[in-house]
Amino acid sequence: MTSAFRLSRLKLIKNNKLPIFAVMRTSKNVYFRNFLLLVISVFSLGGYAQTQSLDSLKTLLRKTIDQTKQVDLLNDISSRYYYIHYDSLMYYAEEAFRRSLTIGYTGGEIIALHRKCDYYINTGDFKTAVRLVEQAELLATKTNNKVLLAESYLIRGDIYGSISIFDQAYDYYNSALQIFNQENQKARALKAENRICLTLYVYNDRYEKALEIFKKVLKGAEALGDRELIVTGLNNVAAMYGKLGENDKALELFKRALRINLESRENFMAASNMVSMASIYASSGKNDTAAVYYSKALEYAGNDRNVLVRNLLQLRRGIFYYKTENFEYAINDLNEVFTISEQSGWAEPAMQSAELLAKIYEKKGNDQLSLYFLQKYIDNLNVFESEGNTRKMAELEVKYNFEKEALRIEAVNRRKTILLSSALITSILVIILVIILLIHIRTRASAAKLLHKNEMLEKEQIKQSLANQLELRNKEITSNIILLQ
(Lines give C-alpha, C1' and ligand atoms only; values in the text may rest on other atoms or scores of the structure.)
Protein backbone atom coordinates (compact mmCIF):
# COMPACT_ATOMS: atom_id res chain seq x y z
CA MET A 1 0.00 0.00 0.00
CA THR A 2 1.45 3.40 -0.95
CA SER A 3 2.16 6.03 1.70
CA ALA A 4 -0.01 8.50 -0.22
CA PHE A 5 -2.95 6.09 -0.02
CA ARG A 6 -2.39 5.58 3.71
CA LEU A 7 -2.28 9.34 4.26
CA SER A 8 -5.44 9.94 2.22
CA ARG A 9 -7.26 7.18 4.03
CA LEU A 10 -6.22 8.48 7.45
CA LYS A 11 -7.47 11.97 6.53
CA LEU A 12 -10.85 10.54 5.60
CA ILE A 13 -11.06 8.67 8.89
CA LYS A 14 -9.87 11.60 10.98
CA ASN A 15 -12.26 14.10 9.39
CA ASN A 16 -15.21 11.81 10.10
CA LYS A 17 -14.00 10.62 13.52
CA LEU A 18 -14.68 6.99 12.56
CA PRO A 19 -12.59 3.84 12.74
CA ILE A 20 -11.73 2.47 9.33
CA PHE A 21 -14.49 0.27 7.90
CA ALA A 22 -16.48 0.59 11.09
CA VAL A 23 -19.03 -2.15 11.32
CA MET A 24 -22.53 -0.74 11.36
CA ARG A 25 -24.35 -1.88 14.48
CA THR A 26 -28.05 -2.53 14.37
CA SER A 27 -29.83 -0.89 17.29
CA LYS A 28 -32.39 -2.88 19.22
CA ASN A 29 -35.31 -0.81 17.98
CA VAL A 30 -34.19 -1.45 14.39
CA TYR A 31 -33.97 -5.13 15.29
CA PHE A 32 -37.51 -4.89 16.66
CA ARG A 33 -38.79 -3.48 13.37
CA ASN A 34 -36.91 -6.08 11.32
CA PHE A 35 -38.19 -8.95 13.42
CA LEU A 36 -41.67 -7.46 13.29
CA LEU A 37 -41.63 -8.18 9.56
CA LEU A 38 -41.30 -11.84 10.45
CA VAL A 39 -44.05 -12.11 13.03
CA ILE A 40 -46.59 -9.93 11.23
CA SER A 41 -47.20 -11.44 7.85
CA VAL A 42 -50.98 -11.22 8.07
CA PHE A 43 -52.72 -7.86 7.97
CA SER A 44 -56.16 -8.51 6.57
CA LEU A 45 -57.45 -11.80 7.90
CA GLY A 46 -60.07 -13.32 5.70
CA GLY A 47 -60.11 -11.25 2.56
CA TYR A 48 -59.21 -11.25 -1.10
CA ALA A 49 -55.60 -10.32 -0.38
CA GLN A 50 -54.91 -13.54 1.42
CA THR A 51 -55.86 -15.84 -1.44
CA GLN A 52 -55.13 -13.96 -4.62
CA SER A 53 -52.12 -12.34 -6.28
CA LEU A 54 -51.77 -8.59 -6.71
CA ASP A 55 -52.48 -8.80 -10.42
CA SER A 56 -55.70 -10.76 -9.89
CA LEU A 57 -56.76 -8.35 -7.13
CA LYS A 58 -56.26 -5.39 -9.44
CA THR A 59 -58.22 -7.15 -12.17
CA LEU A 60 -61.02 -7.86 -9.72
CA LEU A 61 -60.97 -4.23 -8.62
CA ARG A 62 -61.52 -3.04 -12.19
CA LYS A 63 -64.47 -5.39 -12.59
CA THR A 64 -66.12 -4.67 -9.22
CA ILE A 65 -69.08 -2.28 -9.23
CA ASP A 66 -70.02 -2.31 -5.56
CA GLN A 67 -68.27 0.68 -3.97
CA THR A 68 -67.88 -0.92 -0.55
CA LYS A 69 -66.19 -3.96 -2.08
CA GLN A 70 -63.97 -1.62 -4.09
CA VAL A 71 -62.75 -0.05 -0.84
CA ASP A 72 -62.12 -3.49 0.68
CA LEU A 73 -60.08 -4.48 -2.36
CA LEU A 74 -58.08 -1.26 -2.26
CA ASN A 75 -57.24 -1.88 1.40
CA ASP A 76 -56.30 -5.50 0.63
CA ILE A 77 -54.04 -4.43 -2.22
CA SER A 78 -52.44 -1.84 0.03
CA SER A 79 -51.67 -4.47 2.67
CA ARG A 80 -50.10 -6.72 0.04
CA TYR A 81 -47.60 -3.99 -0.84
CA TYR A 82 -46.24 -3.93 2.72
CA TYR A 83 -43.24 -6.10 1.84
CA ILE A 84 -42.92 -4.90 -1.73
CA HIS A 85 -43.31 -1.15 -2.15
CA TYR A 86 -44.20 1.37 0.54
CA ASP A 87 -45.22 4.11 -1.89
CA SER A 88 -47.72 1.76 -3.54
CA LEU A 89 -48.98 0.76 -0.10
CA MET A 90 -49.65 4.43 0.61
CA TYR A 91 -51.21 5.09 -2.81
CA TYR A 92 -53.87 2.40 -2.43
CA ALA A 93 -54.49 3.28 1.23
CA GLU A 94 -55.08 6.94 0.27
CA GLU A 95 -57.49 5.88 -2.48
CA ALA A 96 -59.36 3.57 -0.10
CA PHE A 97 -59.57 6.36 2.47
CA ARG A 98 -60.85 8.88 -0.06
CA ARG A 99 -63.55 6.55 -1.39
CA SER A 100 -64.57 5.52 2.13
CA LEU A 101 -65.22 9.15 3.02
CA THR A 102 -67.23 9.63 -0.19
CA ILE A 103 -69.59 6.70 0.44
CA GLY A 104 -69.62 6.98 4.25
CA TYR A 105 -67.98 3.58 4.82
CA THR A 106 -66.44 3.97 8.29
CA GLY A 107 -64.99 0.46 8.47
CA GLY A 108 -63.08 1.00 5.23
CA GLU A 109 -61.94 4.39 6.49
CA ILE A 110 -60.51 2.84 9.68
CA ILE A 111 -58.66 0.07 7.80
CA ALA A 112 -57.25 2.64 5.34
CA LEU A 113 -55.96 4.63 8.32
CA HIS A 114 -54.30 1.46 9.61
CA ARG A 115 -52.53 0.95 6.28
CA LYS A 116 -51.38 4.57 6.26
CA CYS A 117 -50.00 4.01 9.76
CA ASP A 118 -47.99 1.07 8.40
CA TYR A 119 -46.43 3.43 5.88
CA TYR A 120 -45.51 6.10 8.41
CA ILE A 121 -44.15 3.59 10.94
CA ASN A 122 -41.81 2.14 8.33
CA THR A 123 -40.69 5.55 7.10
CA GLY A 124 -39.99 6.73 10.66
CA ASP A 125 -42.75 9.36 10.91
CA PHE A 126 -44.10 8.16 14.23
CA LYS A 127 -45.80 11.45 15.06
CA THR A 128 -48.05 11.15 12.01
CA ALA A 129 -48.62 7.46 12.73
CA VAL A 130 -49.79 8.30 16.27
CA ARG A 131 -52.15 10.99 14.96
CA LEU A 132 -53.68 8.61 12.41
CA VAL A 133 -54.12 5.72 14.84
CA GLU A 134 -55.81 8.09 17.30
CA GLN A 135 -58.22 9.01 14.50
CA ALA A 136 -58.85 5.31 13.81
CA GLU A 137 -59.46 4.61 17.51
CA LEU A 138 -61.94 7.48 17.73
CA LEU A 139 -63.90 6.18 14.73
CA ALA A 140 -63.88 2.59 16.02
CA THR A 141 -65.08 3.73 19.45
CA LYS A 142 -67.79 5.96 17.94
CA THR A 143 -69.15 3.09 15.81
CA ASN A 144 -68.60 0.50 18.60
CA ASN A 145 -66.43 -1.60 16.29
CA LYS A 146 -64.45 -3.50 18.91
CA VAL A 147 -62.46 -5.61 16.46
CA LEU A 148 -61.12 -2.60 14.55
CA LEU A 149 -60.46 -0.85 17.85
CA ALA A 150 -58.30 -3.82 18.87
CA GLU A 151 -56.53 -3.66 15.48
CA SER A 152 -55.81 -0.01 16.26
CA TYR A 153 -54.32 -1.11 19.59
CA LEU A 154 -52.00 -3.50 17.72
CA ILE A 155 -50.75 -0.63 15.59
CA ARG A 156 -50.30 1.50 18.74
CA GLY A 157 -48.18 -1.31 20.12
CA ASP A 158 -46.13 -1.41 16.90
CA ILE A 159 -45.47 2.33 17.18
CA TYR A 160 -44.34 2.17 20.81
CA GLY A 161 -42.31 -0.97 20.17
CA SER A 162 -40.53 0.75 17.28
CA ILE A 163 -39.38 3.54 19.61
CA SER A 164 -38.48 1.17 22.47
CA ILE A 165 -41.36 1.97 24.83
CA PHE A 166 -41.94 -1.74 25.35
CA ASP A 167 -44.09 -1.64 28.48
CA GLN A 168 -46.62 0.53 26.66
CA ALA A 169 -46.39 -1.68 23.56
CA TYR A 170 -47.18 -4.71 25.73
CA ASP A 171 -50.17 -2.94 27.33
CA TYR A 172 -51.71 -2.21 23.91
CA TYR A 173 -51.01 -5.71 22.57
CA ASN A 174 -52.57 -7.23 25.67
CA SER A 175 -55.63 -4.97 25.43
CA ALA A 176 -56.07 -6.06 21.81
CA LEU A 177 -55.71 -9.73 22.79
CA GLN A 178 -58.44 -9.42 25.43
CA ILE A 179 -60.85 -7.86 22.93
CA PHE A 180 -60.09 -10.47 20.28
CA ASN A 181 -60.76 -13.24 22.80
CA GLN A 182 -64.03 -11.60 23.88
CA GLU A 183 -65.12 -11.26 20.24
CA ASN A 184 -64.04 -14.85 19.42
CA GLN A 185 -61.51 -13.59 16.85
CA LYS A 186 -59.15 -16.54 17.15
CA ALA A 187 -56.82 -15.73 14.26
CA ARG A 188 -56.43 -12.12 15.34
CA ALA A 189 -55.82 -13.26 18.93
CA LEU A 190 -52.94 -15.40 17.69
CA LYS A 191 -51.55 -12.40 15.86
CA ALA A 192 -51.64 -10.42 19.11
CA GLU A 193 -49.90 -13.27 20.96
CA ASN A 194 -47.11 -13.16 18.37
CA ARG A 195 -46.51 -9.51 19.14
CA ILE A 196 -46.65 -10.04 22.89
CA CYS A 197 -44.09 -12.84 22.59
CA LEU A 198 -41.85 -10.57 20.56
CA THR A 199 -42.08 -7.78 23.13
CA LEU A 200 -41.63 -9.87 26.26
CA TYR A 201 -39.24 -12.61 25.18
CA VAL A 202 -37.54 -12.16 21.80
CA TYR A 203 -36.40 -8.62 22.51
CA ASN A 204 -35.08 -9.73 25.90
CA ASP A 205 -33.20 -12.68 24.31
CA ARG A 206 -35.40 -15.25 26.09
CA TYR A 207 -35.49 -17.53 23.07
CA GLU A 208 -36.53 -20.71 24.91
CA LYS A 209 -39.66 -19.00 26.24
CA ALA A 210 -40.31 -17.38 22.86
CA LEU A 211 -40.01 -20.78 21.20
CA GLU A 212 -42.62 -22.17 23.60
CA ILE A 213 -45.09 -19.37 22.83
CA PHE A 214 -44.49 -19.47 19.06
CA LYS A 215 -45.10 -23.23 19.06
CA LYS A 216 -48.40 -22.64 20.81
CA VAL A 217 -49.38 -20.01 18.22
CA LEU A 218 -48.37 -22.33 15.37
CA LYS A 219 -50.53 -25.11 16.84
CA GLY A 220 -53.45 -22.67 17.06
CA ALA A 221 -52.93 -21.57 13.45
CA GLU A 222 -52.88 -25.19 12.27
CA ALA A 223 -56.12 -25.87 14.19
CA LEU A 224 -57.72 -22.93 12.38
CA GLY A 225 -56.26 -23.96 9.03
CA ASP A 226 -55.14 -20.38 8.46
CA ARG A 227 -52.41 -20.60 5.81
CA GLU A 228 -50.84 -17.19 6.42
CA LEU A 229 -50.70 -17.67 10.19
CA ILE A 230 -49.24 -21.15 9.69
CA VAL A 231 -46.46 -19.68 7.54
CA THR A 232 -45.84 -16.99 10.13
CA GLY A 233 -45.74 -19.60 12.88
CA LEU A 234 -43.34 -21.81 10.95
CA ASN A 235 -41.02 -18.84 10.33
CA ASN A 236 -41.11 -17.76 13.96
CA VAL A 237 -40.45 -21.22 15.40
CA ALA A 238 -37.69 -21.77 12.83
CA ALA A 239 -36.11 -18.42 13.71
CA MET A 240 -36.04 -19.35 17.41
CA TYR A 241 -34.47 -22.74 16.63
CA GLY A 242 -31.86 -20.85 14.63
CA LYS A 243 -31.19 -18.53 17.57
CA LEU A 244 -30.75 -21.58 19.82
CA GLY A 245 -28.36 -23.22 17.36
CA GLU A 246 -30.70 -26.06 16.38
CA ASN A 247 -30.12 -25.61 12.65
CA ASP A 248 -31.62 -28.91 11.45
CA LYS A 249 -34.97 -28.15 13.10
CA ALA A 250 -34.86 -24.59 11.77
CA LEU A 251 -34.20 -25.79 8.21
CA GLU A 252 -37.03 -28.32 8.37
CA LEU A 253 -39.55 -25.63 9.33
CA PHE A 254 -38.23 -23.08 6.84
CA LYS A 255 -38.63 -25.72 4.11
CA ARG A 256 -42.24 -26.30 5.15
CA ALA A 257 -42.91 -22.56 5.01
CA LEU A 258 -41.15 -22.36 1.65
CA ARG A 259 -43.35 -25.09 0.14
CA ILE A 260 -46.50 -23.25 1.21
CA ASN A 261 -45.22 -19.92 -0.13
CA LEU A 262 -44.22 -21.47 -3.46
CA GLU A 263 -47.65 -23.10 -3.81
CA SER A 264 -49.28 -19.74 -3.06
CA ARG A 265 -46.89 -17.84 -5.34
CA GLU A 266 -45.83 -15.63 -2.47
CA ASN A 267 -42.55 -14.62 -4.10
CA PHE A 268 -41.31 -12.26 -1.42
CA MET A 269 -42.02 -14.65 1.45
CA ALA A 270 -40.47 -17.53 -0.53
CA ALA A 271 -37.35 -15.44 -1.12
CA SER A 272 -37.20 -14.61 2.59
CA ASN A 273 -37.33 -18.31 3.45
CA MET A 274 -34.54 -19.04 0.97
CA VAL A 275 -32.32 -16.31 2.43
CA SER A 276 -32.89 -17.66 5.95
CA MET A 277 -31.99 -21.15 4.77
CA ALA A 278 -28.92 -19.87 2.90
CA SER A 279 -27.76 -18.13 6.08
CA ILE A 280 -28.09 -21.37 8.07
CA TYR A 281 -26.24 -23.39 5.41
CA ALA A 282 -23.47 -20.79 5.36
CA SER A 283 -23.10 -20.88 9.16
CA SER A 284 -22.86 -24.69 8.91
CA GLY A 285 -20.05 -24.46 6.34
CA LYS A 286 -22.22 -25.66 3.41
CA ASN A 287 -21.27 -22.74 1.20
CA ASP A 288 -22.23 -24.31 -2.15
CA THR A 289 -25.77 -25.00 -0.93
CA ALA A 290 -25.92 -21.52 0.60
CA ALA A 291 -24.92 -19.94 -2.73
CA VAL A 292 -27.68 -21.87 -4.51
CA TYR A 293 -30.35 -20.62 -2.11
CA TYR A 294 -29.10 -17.01 -2.26
CA SER A 295 -29.37 -17.16 -6.05
CA LYS A 296 -32.85 -18.71 -5.92
CA ALA A 297 -33.94 -16.01 -3.49
CA LEU A 298 -32.81 -13.34 -5.96
CA GLU A 299 -34.73 -15.06 -8.73
CA TYR A 300 -37.98 -15.15 -6.78
CA ALA A 301 -37.57 -11.60 -5.50
CA GLY A 302 -37.18 -10.50 -9.12
CA ASN A 303 -40.55 -12.06 -9.95
CA ASP A 304 -42.23 -9.29 -7.95
CA ARG A 305 -40.37 -6.69 -10.02
CA ASN A 306 -39.29 -4.92 -6.85
CA VAL A 307 -35.88 -3.35 -7.27
CA LEU A 308 -35.39 -2.51 -3.58
CA VAL A 309 -36.07 -6.02 -2.31
CA ARG A 310 -33.89 -7.60 -4.99
CA ASN A 311 -31.15 -5.07 -4.26
CA LEU A 312 -31.14 -5.92 -0.55
CA LEU A 313 -31.06 -9.66 -1.27
CA GLN A 314 -28.22 -9.18 -3.71
CA LEU A 315 -26.37 -7.29 -0.98
CA ARG A 316 -26.86 -10.32 1.29
CA ARG A 317 -25.35 -12.57 -1.37
CA GLY A 318 -22.49 -10.12 -1.91
CA ILE A 319 -21.73 -10.18 1.83
CA PHE A 320 -21.80 -13.98 1.72
CA TYR A 321 -19.32 -14.06 -1.17
CA TYR A 322 -17.12 -11.56 0.65
CA LYS A 323 -17.05 -13.68 3.82
CA THR A 324 -16.23 -16.81 1.82
CA GLU A 325 -13.51 -14.85 -0.08
CA ASN A 326 -15.11 -15.35 -3.49
CA PHE A 327 -14.07 -11.81 -4.29
CA GLU A 328 -14.88 -11.77 -8.02
CA TYR A 329 -18.47 -12.87 -7.35
CA ALA A 330 -18.64 -10.43 -4.46
CA ILE A 331 -17.44 -7.54 -6.64
CA ASN A 332 -20.10 -8.28 -9.26
CA ASP A 333 -22.91 -8.28 -6.70
CA LEU A 334 -21.66 -5.36 -4.61
CA ASN A 335 -20.94 -3.17 -7.65
CA GLU A 336 -24.49 -3.69 -8.91
CA VAL A 337 -25.92 -3.00 -5.45
CA PHE A 338 -23.83 0.14 -5.08
CA THR A 339 -24.76 1.51 -8.52
CA ILE A 340 -28.52 0.93 -8.08
CA SER A 341 -28.48 2.23 -4.50
CA GLU A 342 -26.66 5.44 -5.45
CA GLN A 343 -29.05 6.05 -8.35
CA SER A 344 -32.09 5.38 -6.14
CA GLY A 345 -30.89 7.37 -3.13
CA TRP A 346 -30.70 4.35 -0.80
CA ALA A 347 -27.91 5.36 1.55
CA GLU A 348 -27.70 2.25 3.73
CA PRO A 349 -27.11 -0.43 1.04
CA ALA A 350 -24.86 2.02 -0.83
CA MET A 351 -22.82 2.51 2.33
CA GLN A 352 -22.56 -1.22 3.09
CA SER A 353 -21.64 -2.24 -0.44
CA ALA A 354 -19.06 0.57 -0.72
CA GLU A 355 -17.49 -0.49 2.58
CA LEU A 356 -17.01 -4.08 1.39
CA LEU A 357 -15.77 -3.03 -2.04
CA ALA A 358 -13.16 -0.81 -0.40
CA LYS A 359 -12.01 -3.74 1.72
CA ILE A 360 -11.87 -6.09 -1.27
CA TYR A 361 -9.86 -3.69 -3.43
CA GLU A 362 -7.52 -2.99 -0.52
CA LYS A 363 -6.83 -6.75 -0.25
CA LYS A 364 -6.33 -6.94 -4.02
CA GLY A 365 -3.81 -4.07 -3.85
CA ASN A 366 -5.89 -1.65 -5.91
CA ASP A 367 -5.38 1.45 -3.76
CA GLN A 368 -7.14 3.83 -6.14
CA LEU A 369 -10.45 1.91 -6.18
CA SER A 370 -10.19 1.14 -2.48
CA LEU A 371 -9.79 4.84 -1.68
CA TYR A 372 -12.65 5.71 -4.08
CA PHE A 373 -15.08 3.31 -2.38
CA LEU A 374 -13.86 4.36 1.05
CA GLN A 375 -14.85 7.93 0.19
CA LYS A 376 -18.20 6.67 -1.14
CA TYR A 377 -18.69 4.69 2.06
CA ILE A 378 -18.12 7.78 4.19
CA ASP A 379 -20.32 9.98 1.98
CA ASN A 380 -23.21 7.55 2.23
CA LEU A 381 -22.55 6.99 5.92
CA ASN A 382 -23.01 10.73 6.48
CA VAL A 383 -26.31 10.62 4.58
CA PHE A 384 -27.40 7.51 6.48
CA GLU A 385 -26.56 9.09 9.84
CA SER A 386 -28.37 12.28 8.84
CA GLU A 387 -31.46 10.27 7.94
CA GLY A 388 -31.03 8.31 11.15
CA ASN A 389 -30.84 11.53 13.16
CA THR A 390 -34.03 12.76 11.53
CA ARG A 391 -35.71 9.49 12.40
CA LYS A 392 -34.30 9.64 15.92
CA MET A 393 -35.67 13.15 16.36
CA ALA A 394 -39.09 11.89 15.31
CA GLU A 395 -38.78 9.04 17.81
CA LEU A 396 -37.71 11.41 20.58
CA GLU A 397 -40.59 13.76 19.81
CA VAL A 398 -43.10 10.92 20.10
CA LYS A 399 -41.41 9.72 23.29
CA TYR A 400 -41.51 13.25 24.68
CA ASN A 401 -45.19 13.65 23.82
CA PHE A 402 -45.92 10.25 25.35
CA GLU A 403 -44.02 11.05 28.54
CA LYS A 404 -45.62 14.50 28.72
CA GLU A 405 -49.05 12.93 28.39
CA ALA A 406 -48.12 10.32 30.99
CA LEU A 407 -47.01 13.09 33.38
CA ARG A 408 -50.22 15.01 32.69
CA ILE A 409 -52.31 11.93 33.44
CA GLU A 410 -50.22 11.29 36.54
CA ALA A 411 -50.77 14.89 37.70
CA VAL A 412 -54.51 14.60 37.04
CA ASN A 413 -54.62 11.32 38.94
CA ARG A 414 -52.62 12.88 41.75
CA ARG A 415 -55.08 15.77 41.95
CA LYS A 416 -57.94 13.30 41.92
CA THR A 417 -56.25 11.35 44.70
CA ILE A 418 -55.76 14.51 46.75
CA LEU A 419 -59.37 15.58 46.18
CA LEU A 420 -60.58 12.10 47.02
CA SER A 421 -58.44 12.03 50.16
CA SER A 422 -59.69 15.48 51.17
CA ALA A 423 -63.27 14.45 50.54
CA LEU A 424 -62.72 11.27 52.54
CA ILE A 425 -61.16 13.16 55.46
CA THR A 426 -63.99 15.73 55.35
CA SER A 427 -66.56 12.94 55.27
CA ILE A 428 -64.92 11.26 58.26
CA LEU A 429 -64.88 14.56 60.19
CA VAL A 430 -68.55 15.17 59.34
CA ILE A 431 -69.44 11.66 60.45
CA ILE A 432 -67.53 12.15 63.73
CA LEU A 433 -69.30 15.49 64.26
CA VAL A 434 -72.67 13.91 63.58
CA ILE A 435 -71.88 11.10 66.01
CA ILE A 436 -70.85 13.63 68.67
CA LEU A 437 -74.05 15.63 68.09
CA LEU A 438 -76.14 12.49 68.30
CA ILE A 439 -74.41 11.47 71.53
CA HIS A 440 -74.91 15.00 72.91
CA ILE A 441 -78.58 15.06 71.89
CA ARG A 442 -79.11 11.61 73.32
CA THR A 443 -77.39 12.60 76.54
CA ARG A 444 -79.54 15.72 76.84
CA ALA A 445 -82.66 13.72 76.11
CA SER A 446 -81.72 11.20 78.80
CA ALA A 447 -81.03 14.02 81.27
CA ALA A 448 -84.36 15.70 80.44
CA LYS A 449 -86.17 12.40 80.82
CA LEU A 450 -84.52 11.80 84.19
CA LEU A 451 -85.36 15.34 85.30
CA HIS A 452 -88.96 14.85 84.25
CA LYS A 453 -89.10 11.58 86.15
CA ASN A 454 -87.68 13.24 89.26
CA GLU A 455 -90.23 16.05 88.98
CA MET A 456 -93.04 13.53 88.70
CA LEU A 457 -91.75 11.65 91.73
CA GLU A 458 -91.49 14.89 93.68
CA LYS A 459 -95.05 15.84 92.71
CA GLU A 460 -96.23 12.38 93.71
CA GLN A 461 -94.51 12.71 97.03
CA ILE A 462 -96.12 16.13 97.60
CA LYS A 463 -99.51 14.74 96.61
CA GLN A 464 -99.05 11.79 98.93
CA SER A 465 -97.98 14.11 101.74
CA LEU A 466 -101.07 16.27 101.22
CA ALA A 467 -103.24 13.18 101.13
CA ASN A 468 -101.74 12.01 104.39
CA GLN A 469 -102.21 15.42 105.98
CA LEU A 470 -105.83 15.52 104.81
CA GLU A 471 -106.48 12.07 106.18
CA LEU A 472 -104.93 13.05 109.51
CA ARG A 473 -107.06 16.20 109.62
CA ASN A 474 -110.21 14.21 108.92
CA LYS A 475 -109.34 11.87 111.76
CA GLU A 476 -108.90 14.84 114.12
CA ILE A 477 -112.26 16.32 113.11
CA THR A 478 -113.97 12.97 113.61
CA SER A 479 -112.38 12.65 117.06
CA ASN A 480 -113.53 16.14 118.05
CA ILE A 481 -117.10 15.45 116.99
CA ILE A 482 -117.19 12.30 119.08
CA LEU A 483 -115.91 14.17 122.10
CA LEU A 484 -118.56 16.88 121.75
CA GLN A 485 -121.33 14.36 121.76
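Since this is a predicted model, take the numbers as computed values, not measurements. Below, all heavy atoms of this structure are taken into account, side chains as well, without hydrogens, waters or symmetry copies.
The backbone N or O of Ala350 sits less than 3.5 Å from a side-chain atom of Ser353, completing a donor-acceptor pair. Judged by distance alone, the side chain of Glu348 and the main-chain N or O of Phe384 form no donor-acceptor pair under 3.5 Å. Judged by distance alone, the side chain of Ser78 and the main-chain N or O of Leu74 form no donor-acceptor pair under 3.5 Å. In terms of modelled atom types and a separation under 3.5 Å, the side chain of Asn204 and the main chain of Arg206 share no donor-acceptor contact.
Side chains of Arg99 and Gln67 form no contact here, defined as non-hydrogen atoms less than 4.5 Å apart. Between Asn311 and Ser341 there is a side-chain heavy-atom pair separated by less than 4.5 Å. Tyr201 has its side chain out of reach of Ile196: every pair of non-hydrogen atoms, C-beta onward, lies at least 4.5 Å apart. Residues Leu356 and Gln352 are not in side-chain contact: their nearest non-hydrogen atoms beyond the backbone lie 4.5 Å or more apart. Counting only heavy atoms from C-beta outward, the side chains of Cys197 and Val217 never approach each other to under 4.5 Å. Counting heavy atoms from C-beta outward, Leu177 and Arg195 have side chains that stay 4.5 Å or more apart. Proximity of Leu374 to Ile378: side-chain heavy atoms (C-beta onward) are separated by under 4.5 Å at one or more points. Using a 4.5 Å heavy-atom threshold, the side chains of Tyr82 and Asn122 count as touching.
Across every non-hydrogen atom of Leu218 and Val237, the tightest pair is CD2-CG2, 4.2 Å. Smallest separation of non-hydrogen atoms from Leu262 and Ala270: CD2-CB, 3.9 Å. When all heavy atoms are compared, the tightest approach of Leu190 to Ala221 is CD1-N, 3.5 Å.
A donor atom on one side chain and an acceptor atom on the other are found under 3.5 Å apart for Arg317 and Ser295. Residues Asp125 and Thr123 have side chains that never bring a donor and an acceptor to within less than 3.5 angstrom of each other. There is a side-chain donor-acceptor pair under 3.5 Å between Glu342 and Asn380. Remark: the Arg310 side chain and the Gln314 side chain contain an N/O donor-acceptor pair separated by less than 3.5 Å. Residues Asp379 and Tyr377 have side chains that never bring a donor and an acceptor to within less than 3.5 angstrom of each other. Checked by atom type, the side-chain pair Arg131/Thr128 shows no donor-acceptor distance below 3.5 Å.
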Criterion side-chain contact (heavy atoms from CB on, under 4.5 Å) on Asp367 and Glu362, from CA distance to verdict
CA-CA 6 Å; Asp367 294 349; Glu362 181 183 4; 5.7 Å; no

Please step through side-chain contact (heavy atoms from CB on, under 4.5 Å) for the pair Leu113 and Ile155, ending with a clear verdict.
CA-CA 10 Å; Leu113 286 169; Ile155 292 174; over 6 Å; no

Worked check of side-chain contact (heavy atoms from CB on, under 4.5 Å) between Met240 and Val202
CA-CA 9 Å; Met240 292 304 98; Val202 177; 4.2 Å; yes

side-chain contact (heavy atoms from CB on, under 4.5 Å), that's the test. Do Ile280 and Phe254 meet it? Break it down for me.
CA-CA 10 Å; Ile280 292 174; Phe254 277 133; 3.8 Å; yes

Kindly determine whether Arg98 and Glu95 satisfy salt bridge (charged side-chain N to carboxylate O under 4.0 Å, His left out), including the steps that lead there.
CA-CA 5 Å; Arg98 184 186 65 79; Glu95 186 64 17; 2.5 Å; yes

Residue pair Tyr322, Asp333: steps toward the side chain to side chain donor-acceptor pair (under 3.5 Å) verdict
CA-CA 10 Å; Tyr322 170 79; Asp333 277 343; over 6 Å; no

Could you give me the CA-CA distance, side-chain angles and deciding distance for Asp171 and Tyr173, then say whether side chain to side chain donor-acceptor pair (under 3.5 Å) is met?
CA-CA 6 Å; Asp171 288 342; Tyr173 291 151; over 6 Å; no

Trace of the salt bridge (charged side-chain N to carboxylate O under 4.0 Å, His left out) decision for Arg256 with Glu222:
CA-CA 13 Å; Arg256 283 181 58 191; Glu222 289 173 337; 3.2 Å; yes

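In this structure, Glu252 does not pair ionically with Lys255, as no charged nitrogen and carboxylate oxygen lie closer than 4.0 Å. A salt bridge does not link Lys363 to Glu325: none of the charged nitrogens lies less than 4.0 Å from a carboxylate oxygen. Salt bridge status for Arg115 with Asp118: present, with a side-chain N to carboxylate O gap under 4.0 Å. A salt bridge does not link Glu212 with Lys215: none of the charged nitrogens is closer than 4.0 Å to a carboxylate oxygen.
The distance from atom CD1 of Ile77 to atom CG of Leu61, rounded to the nearest 0.5 Å, is 5.0 Å. Atoms CG and CD1, on Leu148 and Ile111 in that order, are 5.0 Å from each other to the nearest 0.5 Å.
The aromatic rings of Phe338 and Tyr372 stand perpendicular to each other, their planes meeting at an angle above 60°, with 30° marking the opposite boundary.
Between Tyr329 and the options Phe320, Tyr321, Tyr294, a ring-ring contact (aromatic ring centres under 6.0 Å, His included) holds for only Tyr321. The one candidate from Arg188, His114, Arg156 that meets the side-chain hydrogen bond (donor to acceptor under 3.5 Å, both in side chains) condition with Glu151 is Arg188.
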Per-pair distances, 0.1 Å, donor-acceptor, side chain in residues 285-292, under 3.5 Å, sequence neighbours excluded:
none

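When the ring-ring contact (aromatic ring centres under 6.0 Å, His included) test is applied to Tyr91, no partner is found at least two apart in sequence or on another chain. Legend: residues meeting ring-ring contact (aromatic ring centres under 6.0 Å, His included) with Tyr81, ordered by chain and number and at least two apart, are Tyr92.
In this structure, Lys116 satisfies the cation-pi test against Phe97, with its NZ or CZ atom closer than 6.0 Å to the six-membered ring centre and inside 45 degrees of the ring normal.
When the shell of 6.0 Å around NZ of Lys186 is examined, it contains 12 or fewer heavy atoms from other residues, nucleotides or ligands.
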